[in-house]
Each structure stands twice: as C-alpha cells, then as structure tokens.
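Heads up, the thing below is written out as structure tokens.
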Amino acid sequence: MDNLSKFTIRTSDRRVFRRCLRKWGWQSSLKGNLQRKGTEQNIHFWFGSAIHFAMEDYFSYNYFGDPRKAFKAYYNAFDKDTLPDGAEDAYDLGIAMLTYFLDWYPRYNKQWDFQTLWLNENNKPCVPFSEGAKPAVEQRFFIDLDIKVIVNAKTEEIICEYKEGDPQLINQNAFDMFRLADQEPEYTYMHKGKEIPIKIVPIYYHGTMDRLVIDRYGRWWILDYKTAKGADTNKLDTDDQISAYLWAAEKWFGHPIYGFVYLQLTKDIAKKPKRLKSGELSVDKKQKTTHYLVRQELINEFGSVQKAPMKYIDFLNHLAEQETPEGDRFIRWDFIQRNKEQLEATYRHIMGELQLMLNSDLYLYPNPTRDCIWDCPLRHVCLAIDDGRNSEVALILDNEYEARPRQEDGQKEEWRMKINEMIKEGVVIEDDFDIDFDGINIILPDDNKTKEE
Ligand code: SF4
C-alpha cells in the first residue's frame, strides 16, 4: 500500500472545507494538493512543530535526554536566514515552557502513570527497545474509507467516483490485481468523448497521533499536545479531531481506545513568585506563578508552609483555588471519551462531507472573514483572483507552492533529516538553559487570537 498514491482527507481538510471552499480547493489532496515551499514561515506553526518534536523525542528514544535539548536541536536544524520572524523569542519561550513542563509532568502523571506504548509491526504492544519495537509517537494512520475515485493519471484531477461496472472504464477487472501487487493501477477511460489515461485510487482518512499511551490500568489513550495562547476547554465535547482520532485509532490499532488526553501548553512563562524591594515575597494575585512554585519558595524560606506568615498561606490558598486536578493556568490536560454512538456519528459526518467534496459541480467560492488576515496563507492569491490579476496568481502559486508528495512517509522534512544526522554524528547539545525567566516576558506576534497549533 505504501507505494500507492494516496488521496486523503484529514481533520484539518474538513475544517478548511467548512471554513472556505476556495482555500480548500488549493490545499486539499482531493483538489489542488498544494503546500508551501521552504521553511514554515508562520511562527505559530513553526513553534508548535518545535514543541511537538521535543515531546516526540523525550517520550520515545530520548536521544537528547531532555526535551529542551531536543527543542534546541530543532532550532539549530534551520539555517538562521530561513527562520520565521520571532523565532529567537520563540526559542526562549519554548525553553521556559519546557522547563516548567519537566516540573509539571511528573506531579500530574503520578495518578495516571502514563507510559508511551511501544508496538511491533503488527501494532501489538511490546517491551520498549526490544527487537522490532517502535515507540507509538507521531503515529500516522490511513483508514480506507471504502470509496474509490477515477483520477486523470496525468493531471491527478479526480474525474468521478469509481463504480464497479462503469461502461466508460476499460480493463476494469485489472484493478484488484494491481492493488494486490502493490502497484499503481493505470488504464484508460472515456471521458467527454476522449480516451484518457486514468488510475483508480482509494480515499483514506489520514492523520497523525502525537502519542499513544497506556495508563496504570492497562487502558490505551491517545495523547495530543496543543500550544495555544490560552487553554480552552469549551470546545472539547464537540472537537472533531478528538472524535475522528478516537474513531480512527480503534480501526487502525485493532484495540479499544479508552479516551483522549488533550494536553494544552499555554504560551506563557510560569515564574517563581516575585520579590518586593524589601526582599519579601510578593502576594500579588496577578503575578504569573503557580501554587507549586510558591509552595516551594515558602518551604525554602521558612522551612515549611506551616511556618510561613498567614498572608502567604492565604495567597497559597488563592492559587490552589485557581488550579484543578487537570492542571494550572500554564499547563492542563483533559480526559475525553466518546461513546459508540458518537463514534458512529463521526463516521457518518466524515462520509457526508466526503460526498460533498467529491461533487465535481461544487463551485469553490471564497468565504472572506476578518480571520483571513491571519488564518489564510493564500490571502494574496485570493485577492489577486478577484482583482483579475490572473498571471500574478499563476506566478505566485508557481513560486511559493508545490505539490504535496502523495507517497510521502511523513519523516522527510529537511529539519528532521538534519536532526537525524546530528544524532548519527553524536552532536552534543549543550544544556545552557539557565535563562533568567524573570527577566523575559515574551509574547509571540499576535496574529492569532484563539488558534492552537
Ligand atoms: S483569503 Fe479568506 S476568502 Fe480568500 S481563500 Fe483565504 S480564507 Fe478564503
């Protein structure tokens, strides 16, 4: 199957489909299949990718021994002149966030004892680092949606859905034979009075799970990391990525999935409590600190919390009220489950959207909103289309975009290849992370008020 072209839909495609048909038409694997050339220039996506890599390494082979070192390796893997604007500030922010994560995670994981699952080639659990075992991080899945389409073999344009016995199709019985041989089936089709070379391709639901974990009771969970300006829990009951991944994971791994751990890291820095000019600890409720950090500071200063003056106990209680078993204002995780009916509904939603996506008569109209300015990398092309600057449109798309590989294995990003080289060559990443977090107050460019990466 890996050698075959993949026409896919992903949760992000479905969201773009609902957000703006014009944008979807450029990006979807079922249509234009375009992706940006070169390094990601959206600082939020670049940063999200850096945090994900740090977690991926730390909770799998742990080549770097510290997620901050993995994060630094990611940063070093880019030529300085290709980094997006704001990458240096984002580096400091990432180191600060991961420093706090290292403190947060063992405290909150005590109750769950989540461990990364290691799987063999048949997706069966096995002992970490044993022969053939792979850590279940960055788990890519392709669920065959049992719909095939006829595609122009030259332009890769979808002509129509494949129905067995279509009188226009020549050599149709060859299809399964080719599939079994793991080859791209190619034959011809009568389309608008012309015989054209075609291939018949299945449509897959595709996604990548950040991590699969097993808890102390042996239950399997999907664990996903989000970096965002602020944690948001209102959307979790209706979040379509959670529903789709829970639906897909059971099919892909052939194992019940107990739930989804939605881990949100706020792009902010948890600091030790401030000190007043007098040297006393501040009890300012607006300061960016946590119950744990204040508690530690009181123990250092007074020997125990009980020995601290009452105003500090009150401050500590105030902070405790702000925190829940799920986390604090900097990091929290939520545990979400979907029942059988919800998973069945998810499948129906996916198939319903797919039917609309495959409608060749669908007019791909734009949906301009105030969000276009930050959520659409193709805004300048969109404007040029409606201005009638057609040659400019073609030029921009040609210069800035390229076709996304249909046989990609997901591990071919240039930065990833450079990191693999670093690991092979045994490059040492210094742990010079004693940044003065009290002295920095980083806010990434505010082009994105609510979006998560
Ligand atoms: S700029 Fe807005 S309307 Fe135009 S393609 Fe992008 S999202 Fe759609």
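Every heavy atom of this structure was used, including side-chain atoms; hydrogens, water molecules and symmetry mates were not.
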Is it the case that the side chains of Asp13 and Trp24 hold a donor-acceptor pair, with the cut-off being a distance below 3.5 Å and no angle test?
no

Under the ring pair (Phe, Tyr, Trp, His ring centres under 6.0 Å) criterion, do Trp333 and Trp221 qualify, and how do the steps go?
CA-CA 13 Å; Trp333 54 14; Trp221 298 75; 9.3 Å; no

Report, as yes or no, whether the 6.0 Å neighbourhood of atom OH on Tyr347 holds more than 12 heavy atoms from other residues, nucleotides or ligands.
no

So, does Glu40 use its side chain to make a donor-acceptor pair with the main chain of Asn42 at under 3.5 Å?
yes

Derivation of the side chain to side chain contact (heavy atoms under 4.5 Å, CB included) call for Lys271 and Thr290
CA-CA 8 Å; Lys271 295 175 182 173; Thr290 68; over 6 Å; no

Assess whether atom CZ of Arg295 is packed by more than 12 heavy atoms of other residues, nucleotides or ligands within 6.0 Å.
no

Could you list the donor-acceptor pairs under 3.5 angstrom formed between side-chain atoms of residues 350-359 and any protein atom two or more places apart in sequence or on another chain?
from: Glu353; atom 1: OE1; to: Arg14; atom 2: NE; distance (Å): 2.8
from: Glu353; atom 1: OE2; to: Arg18; atom 2: NE; distance (Å): 3.4
from: Glu353; atom 1: OE2; to: Arg18; atom 2: NH2; distance (Å): 3.2
from: Asn359; atom 1: OD1; to: Asp361; atom 2: N; distance (Å): 2.8

Min side-chain heavy-atom separation Leu319-Lys285 under 4.5 Å:
no

If I take atom CG from residue Leu378 and atom NZ from residue Lys23, how far apart are they, to the nearest 0.5 angstrom?
7.5 Å

Using only atom types and a distance under 3.5 Å, with no angle test, would you say the side chain of Gln342 pairs donor to acceptor with the backbone of Asn339?
yes

For Tyr245 and Thr11, which I'm curious about, is there any donor-acceptor pair between the side chains at under 3.5 Å?
no

Which atom names give the shortest non-hydrogen contact between Ser29 and Asn33, and what distance separates them?
CA-OD1, 3.5 Å

Check Leu34 against Ala403 and note the closest heavy-atom contact, atom names and distance.
CD2-N, 4.4 Å

Shortest non-hydrogen contact between Ala136 and Leu119, atoms and distance:
CB-CD1, 4.0 Å

Least distance between heavy atoms, Gly230 atom then Thr266 atom
CA-CG2, 4.1 Å

Could you tell me whether a side-chain N or O of Asn122 sits under 3.5 Å from a main-chain N or O of Lys124, the two making a donor and an acceptor?
no

Decide yes or no for Leu281 and Leu298: does some side-chain heavy atom of the first lie under 4.5 Å from some side-chain heavy atom of the second?
yes

Could you report the tightest heavy-atom contact between Thr227 and Gly48, atom names first, then the distance?
OG1-CA, 3.9 Å

Under the 3.5 angstrom rule, does the side chain of Asp57 hit a backbone N or O of Tyr63 as a donor-acceptor pair?
yes

Could you tell me the separation between the CD1 atom of Ile429 and the CD1 atom of Ile419, rounded to the nearest 0.5 Å?
8.5 Å

Counting distance only, does the side-chain N/O of Arg338 pair as donor-acceptor with the main-chain N or O of Ile242 below 3.5 Å?
no

Can you say whether the rings of Phe142 and His206 are parallel (under 30°), tilted (30 to 60°) or perpendicular (over 60°)?
parallel

I would like to know whether Gln27 and Val16 meet side chain to side chain contact (heavy atoms under 4.5 Å, CB included); could you show each step before the answer?
CA-CA 9 Å; Gln27 296 182 340; Val16 175; 4.0 Å; yes

Could you tell me whether the side chains of His349 and Asp240 share a donor-acceptor contact shorter than 3.5 Å?
no

Quick one: does His52's side chain have a donor or acceptor within less than 3.5 Å of a partner on Tyr225's backbone?
yes

Val305 and Ile299, any side-chain heavy atoms less than 4.5 Å apart
yes

Between Arg211 and Thr116: side-chain donor-acceptor atoms closer than 3.5 Å:
yes

Electrostatic pair Lys340:Glu344 at N-O distance under 4.0 angstrom
yes

Taking the inter-plane angle between the rings of His255 and Trp220 on a 0 to 90° scale, is it parallel (under 30°), tilted (30 to 60°) or perpendicular (over 60°)?
parallel

Lys110, NZ: over 12 other non-hydrogen atoms inside 6.0 angstrom
no

Min side-chain heavy-atom separation Gln337-Tyr258 under 4.5 Å
yes

I'd like to know if Lys229 and Asp268 make a salt bridge, using a cut-off of under 4.0 Å between side-chain N and carboxylate O.
no

Please determine if Arg406 and Glu156 form a salt bridge, counting it only when a charged side-chain N lies under 4.0 Å from a carboxylate O.
yes

Is the side chain of Asp215 donor-acceptor paired with the backbone N or O of Arg219 at a distance under 3.5 Å, no angle test?
yes

Take the angle between the ring planes of Trp118 and Phe129 and call it parallel below 30°, perpendicular above 60°, tilted in between.
tilted

Would you check if there is a donor-acceptor pair between the side chains of Arg10 and Thr208 at a distance under 3.5 Å?
no

Test your reading of the model: is there a side-chain donor-acceptor pair from Glu250 to the backbone of Leu246, 3.5 Å cut-off?
no

How long is the straight-line distance from CZ of Phe330 back to NZ of Lys267, given to the nearest 0.5 Å?
15.5 Å

So side-chain hydrogen bond (donor to acceptor under 3.5 Å, both in side chains) across residues 68-80, not counting sequence neighbours, yields Ser49-Tyr74, Asp66-Arg68, Arg68-Thr99, Lys72-Asp432

For the pair Phe302 and Tyr312, evaluate side chain to side chain contact (heavy atoms under 4.5 Å, CB included) and give the outcome as yes or no after the intermediate values.
CA-CA 11 Å; Phe302 301 102; Tyr312 294 128; 3.8 Å; yes

How long is the gap from CG on Asn109 to CD on Gln111, to the nearest 0.5 Å?
9.0 Å

Charged N to carboxylate O below 4.0 Å: is that the case for Arg416 and Glu414?
no

Is there a donor-acceptor contact under 3.5 Å linking the side chains of Lys134 and Tyr61?
no

In the structure I gave you, are the side-chain heavy atoms of Leu263 and Leu223 within less than 4.5 Å of one another anywhere?
yes

Residues in side chain to side chain donor-acceptor pair (under 3.5 Å) contact with Lys307, at least two apart in sequence or another chain:
none

pair Thr324-Arg332: side-chain heavy atoms closer than 4.5 Å:
yes

Output yes when a side-chain donor or acceptor of Glu402 lies under 3.5 Å from a complementary backbone atom of Gln35, and no otherwise.
no

Is there a donor-acceptor contact under 3.5 Å linking the side chains of Asp113 and Gln115?
yes

Could you walk me through whether Phe64 and Phe71 pass the side chain to side chain contact (heavy atoms under 4.5 Å, CB included) test, one step at a time?
CA-CA 9 Å; Phe64 295 98; Phe71 183 86; over 6 Å; no

Row check, Tyr292 ring normal vs Arg107 NZ/CZ: under 6.0 Å, within 45°
yes

Working for ring pair (Phe, Tyr, Trp, His ring centres under 6.0 Å), residues Trp26 and Tyr401:
CA-CA 10 Å; Trp26 281 317; Tyr401 284 81; 8.2 Å; no

Specify the closest pair of heavy atoms between Cys372 and Asn367, including all atoms of both residues, with the distance to one decimal.
SG-O, 4.2 Å

